[in-house]
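Take a look at the structure set out below.
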2 protein chains.
Amino acid sequence: MIDESWSPPEVLATVDLVIFTLREQKLRVLLVERGVEPYRGKRALPGGFLRHADEDILEAAHRELREEADLDGTRLHLEQLGTYGTPGRDPRGRVISVAYLAIVPELPDPVAGTDAADAGWESVGEVLSGRTELAFDHLRIVTDGIERARSKLEHSALATAFCQETFTIAELQQVYEAVWGVRLDPRNFYRKVQKVPGFIEPAGQRRRATKGRPARLFKAGPAAVLHPPLMRPESIDSEGAR
Amino acid sequence: MIDESWSPPEVLATVDLVIFTLREQKLRVLLVERGVEPYRGKRALPGGFLRHADEDILEAAHRELREEADLDGTRLHLEQLGTYGTPGRDPRGRVISVAYLAIVPELPDPVAGTDAADAGWESVGEVLSGRTELAFDHLRIVTDGIERARSKLEHSALATAFCQETFTIAELQQVYEAVWGVRLDPRNFYRKVQKVPGFIEPAGQRRRATKGRPARLFKAGPAAVLHPPLMRPESIDSEGAR
DNA sequence: TGAATAGTGTCTCTTAGACACTATCTG
DNA sequence: CAGATAGTGTCTAAGAGACACTATTCA
């Protein structure tokens, strides 16, 4: 059935990064402006081809993170999101792209990448609404990334990756509110997160706010998964079905 | 910074399938015996290279499903599990494998694939315990597949994909028990699943059992996600942390 | 009839969410 | 002091799990 002389097709492999952070209470994604064809001038996810045939994919993701966002591996969440390989998605040939999801705390400056012509933190609202157009199938990848992040906030300690080394519970709540796009009751949230074993730990000190009573500081605890989970409130529309 | 004459490395792309089903109350995975090097004679996941440069990855997964398990797309769950591309995982060169998770109902016969030397449904217990050794990094892929399946039973209607067109609630419960590896109370389970909107629907008829009262028959409902979810009981060990 | 499985009722304990209230800061 | 944010107490309604009980079949 298989031709003896047949040999498997060769493809090109890229890595794309969906890097989320929080700025001004909004969930934002890092986009670069493409400096070369195809899609020159369009916004796109940071990423690129494997450097050489021996480069591990995860390693390539870390490298792109360094090169395009000047971010090093510490205090940073990086996980595989999915692989996108529809023929025709890239006019340069058959390109299979492995997408990674990265979460980083708010950064001091808007990132000056080395490669990209221009890089910036775009609000995901702008992207989802279509007001910011993306190259390739990157809209789809970002959409998948958002859904993954939303879901992981429920069951994992991912939210702490959005925060600095130490943080207040109100800050942690802002993460949940921004990613889920909901409002939460601060008082119930306050106890709920503290009740999850290993999620957050006291980190001494208090932080002065502009106003009001200074809040206690916490740091990420040892738990990777949350028992019990923090479920997002069920929006009226996203019912299972009827 | 980048050499002008540089061009991206080419890689080979494969698709691997983790196909789960239930046989004799046990979660089982389809394995084939490799007929060619490397790892000739070893057990491995069904899968193979892309056929040609224009073949979509998902399409390739469907093709392998047909070829190696004689299964067609209807009444079958197929989703991307992850991509495995560590250099050196395949001695034939730089191979990047996209793994898919497939769930099928119990099949009439043990599957006679066309390609594989021998194919059979192996209990996942055998695989996880190491009593059945697998080629490449397929143990890792199977492990990831199990965890994905366990997790998806909680939040999605995946369990019905293990069942026939119509099924009893007791049969559905066996799916949960086999995949999660726990015992559930039939009476509480009975109402719990029926309370989830859109999960299952009555399908007329009753089924005679060997003994006891015949059970009502149900079929899969329209809901893809479960609200509220069916959470697995927290095993003592898998606590979040302490 | 008894054994076996299907299906229902109900109790208890825990939790999620609402929200009143107290505490501690700045100006 | 007022205003603002942090943190606590408490009530209520809904859900999870335990388990007694009823229903319907076969032998």
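Residues satisfying the side-chain hydrogen bond (donor to acceptor under 3.5 Å, both in side chains) criterion with A/Y176, sequence neighbours excluded, are absent altogether.
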Which letter, B, S or -, goes with each nucleotide of nucleotides 9-17 of chain C from 5' to 3', with contact meaning a protein heavy atom under 4.0 Å? BB-----SB
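A salt bridge between B/E59 and B/R63 is absent, with no side-chain N of the basic residue lying under 4.0 Å from a carboxylate O of the acidic one. A salt bridge does not link B/K42 to B/E33: none of the charged side-chain nitrogens sits closer than 4.0 Å to a carboxylate oxygen. Using a 4.0 Å cut-off between a side-chain N of Lys or Arg and a carboxylate O of Asp or Glu, B/R43 and B/E133 do not qualify as a salt bridge. Checked for salt-bridge contact, A/K219 and A/E165 miss the test: no charged N lies under 4.0 Å from a carboxylate O.
The phosphate of D/dG7 (OP1 or OP2) has a side-chain N or O of A/R216 nearer than 4.0 angstrom.
Side-chain contact annotation: A/T132 with A/E122, donor-acceptor N/O pair under 3.5 Å present. Using modelled atom types and a 3.5 Å distance limit, the side chains of B/D144 and B/Y84 yield a donor-acceptor pair.
As a whole-Å value, the separation of B/L184 CG from D/dA16 C1' is 12 Å. In this entry the distance linking CZ of B/R213 with C1' of C/dA6 reads 5 Å, nearest Å. Rounded to whole Å, atom C1' of D/dG15 lies 17 Å from atom CD of B/Q194. Here D/dG15 presents its P atom at 18 Å from CZ of B/F189, a figure rounded to the nearest Å. The OH-C1' distance, from A/Y190 to C/dT22, rounds to 13 Å in whole Å.
You'll find the ring centres of A/H155 and A/H227 outside the 6.0 Å limit.
Residue A/A215 places its side chain closer to D/dG7 than to any other of C/dG7, D/dG7, D/dT24.
Near-neighbour residues of DNA chain C inside residues 149-173 of chain A, defined by a heavy atom below 4.0 Å, are absent.
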